[in-house]
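Shown next, in structure tokens, is the structure this report addresses.
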Amino acid sequence: MTAKVSYDSVEVGTELPARSFPVTRATLVQYAGASGDFNPIHWNEKFAREVGLPDVIAHGMFTMAEAIQVVTDWTGDPGAIVEYGVRFTKPVVVPNDDKGAVIEVSAKVAVLLDDKRVRVDLTVMSDDKKVLGMSRAVVQLA
């Protein structure tokens, strides 16, 4: 596969379509099963509170994976991601109610690089808090 986005069609400041990702307790249980990460802070409210968390929290790698979808949707090719890194700044707290939490992701082209690559900076928020810092991806464009 090849990225659908042409390097010549973007410039610094190009905004990618933003997305919202709902997260419920059921989502966390499904992710735990798929990832093998059954740490009780991701599903057991009593345990999460006992270790000082406000409630059950989403897996950091789950949050990372949800966020990068904004970039893969934009390029049309998950293989276009050359590098991806984040800093975990705040947890995504997932209450046990009908709504759960929402991860809000926006992104824009921050730097034009050589070889038809760009650096995309992502802003990842939940409950009006930045949950991923220094969230950046290097992307190979067409």
Side-chain angles (χ1 to χ4, degrees), residues 1-45 47-97 99-142:
M1 290 177 59
T2 305
K4 295 177 184 176
V5 179
S6 166
Y7 180 83
D8 296 330
S9 70
V10 299
E11 57 189 36
V12 170
T14 298
E15 293 186 17
L16 285 60
R19 284 195 55 194
S20 298
F21 300 94
V23 185
T24 64
R25 296 281 178 95
T27 309
L28 299 182
V29 171
Q30 291 168 338
Y31 181 81
S35 69
D37 182 351
F38 293 101
N39 186 325
I41 64 173
H42 303 304
W43 58 270
N44 184 317
E45 184 174 330
F47 183 86
R49 290 183 187 276
E50 284 174 354
V51 298
L53 295 168
D55 206 332
V56 165
I57 63 169
H59 303 72
M61 296 303 284
F62 170 81
T63 304
M64 251 182 106
E66 292 291 87
I68 198 65
Q69 286 184 68
V70 167
V71 181
T72 60
D73 288 351
W74 177 64
T75 65
D77 178 9
I81 307 299
V82 177
E83 293 177 29
Y84 178 42
V86 307
R87 289 192 182 174
F88 300 105
T89 56
K90 299 277 184 198
V92 175
V93 178
V94 183
N96 191 19
D97 59 17
K99 296 185 231 173
V102 178
I103 300 169
E104 304 283 351
V105 184
S106 59
K108 66 180 175 181
V109 174
V111 180
L112 301 176
L113 303 168
D114 294 333
D115 299 326
K116 296 186 177 182
R117 293 180 177 189
V118 297
R119 190 186 86 208
V120 176
D121 291 355
L122 295 88
T123 301
V124 185
M125 309 283 289
S126 183
D127 196 27
D128 294 323
K129 297 177 186 88
K130 193 172 192 178
V131 295
L132 297 179
M134 300 292 292
S135 185
R136 297 177 172 171
V138 174
V139 183
Q140 180 70 58
L141 298 180

Notebook entry, point to check: Roughly how far, to the nearest 0.5 Å, is the CG atom of L16 from the CG atom of D73?
Noted result: 9.5 Å
Next item on the list: Could you list the residues that satisfy side-chain hydrogen bond (donor to acceptor under 3.5 Å, both in side chains) with Q30, not counting sequence neighbours?
Entry: none
Next item on the list: Taking side-chain contact (heavy atoms from CB on, under 4.5 Å) as the test, write out the residues that go with P54, two or more places apart.
Entry: V93
Next item on the list: Search all heavy atoms of V94 against all heavy atoms of A58 and return the closest pair with its distance.
Entry: CG2-N, 4.1 Å
Next item on the list: List in chain and number order the residues that pass side-chain contact (heavy atoms from CB on, under 4.5 Å) with E45, two or more places apart in sequence or in another chain; answer none if no residue qualifies.
Entry: R25, R49, D55, V56, N96
Next item on the list: Provide the closest heavy-atom pair for T2 versus A142 in the form atom of the first, atom of the second, distance.
Entry: CG2-CB, 4.3 Å
Next item on the list: Quick one: closest heavy-atom pair of A67 and L122, and the distance?
Entry: O-CD2, 3.4 Å
Checklist line | Candidates V120, V5, V139 - the one meeting side-chain contact (heavy atoms from CB on, under 4.5 Å) with V10 | finding: V5
Check: D114: what forms a side-chain contact (heavy atoms from CB on, under 4.5 Å) with it, not counting sequence neighbours?
Finding: none
Next item on the list: Write down the atom of A3, the atom of D77, and the distance for their closest heavy-atom approach.
Entry: N-OD2, 3.6 Å
Notebook entry, point to check: Checking Q140 side chain against D115 main chain: does a donor-acceptor pair fall under 3.5 Å?
Noted result: yes
Checklist line | Distance (rounded to the nearest 0.5 Å) between I103 CD1 and T63 OG1 | finding: 4.0 Å
Checklist line | For T123, all residues meeting side-chain hydrogen bond (donor to acceptor under 3.5 Å, both in side chains), sequence neighbours excluded | finding: none
Note to self: Going by ring pair (Phe, Tyr, Trp, His ring centres under 6.0 Å), name the pairs with one or both residues in residues 69-97, residues two or more places apart or in two chains.
What the structure shows: none
Margin query: Between V124 and F21, is there a side-chain heavy-atom distance shorter than 4.5 Å?
Written below: no
Notebook entry, point to check: Shortest non-hydrogen contact from I57 to L28?
Noted result: O-CD1, 3.9 Å
Notebook entry, point to check: Applying salt bridge (Lys or Arg N to Asp or Glu O under 4.0 Å), which residue pairs with at least one partner in residues 124-142 are found, sequence neighbours left out?
Noted result: D121-R136, D127-K129
Next item on the list: Evaluate the side-chain contact (heavy atoms from CB on, under 4.5 Å) criterion for residues F62 and V23: first the C-alpha distance (whole Å), next the side-chain angles of each, then the deciding distance (0.1 Å), finally the verdict.
Entry: CA-CA 10 Å; F62 170 81; V23 185; 3.7 Å; yes
Checklist line | Qualifying residues under side-chain hydrogen bond (donor to acceptor under 3.5 Å, both in side chains), relative to D37, sequence neighbours excluded | finding: none
Item checked: Residues which pass side-chain hydrogen bond (donor to acceptor under 3.5 Å, both in side chains) with T72, listed by chain and number, not counting sequence neighbours -> none
Notebook entry, point to check: Which residue pairs satisfy the salt bridge (Lys or Arg N to Asp or Glu O under 4.0 Å) criterion with at least one member in residues 102-113, sequence neighbours excluded?
Noted result: none
Item checked: Under the ring-ring contact (aromatic ring centres under 6.0 Å, His included) test, residues paired with H59 that sit two or more places apart -> Y31, H42
Item checked: Where at least one partner belongs to residues 3-17, residue pairs that pass side chain to side chain donor-acceptor pair (under 3.5 Å), sequence neighbours excluded -> none
Next item on the list: Of all the heavy-atom pairs spanning T24 and K99, show the shortest one and how long it is.
Entry: CG2-O, 4.3 Å
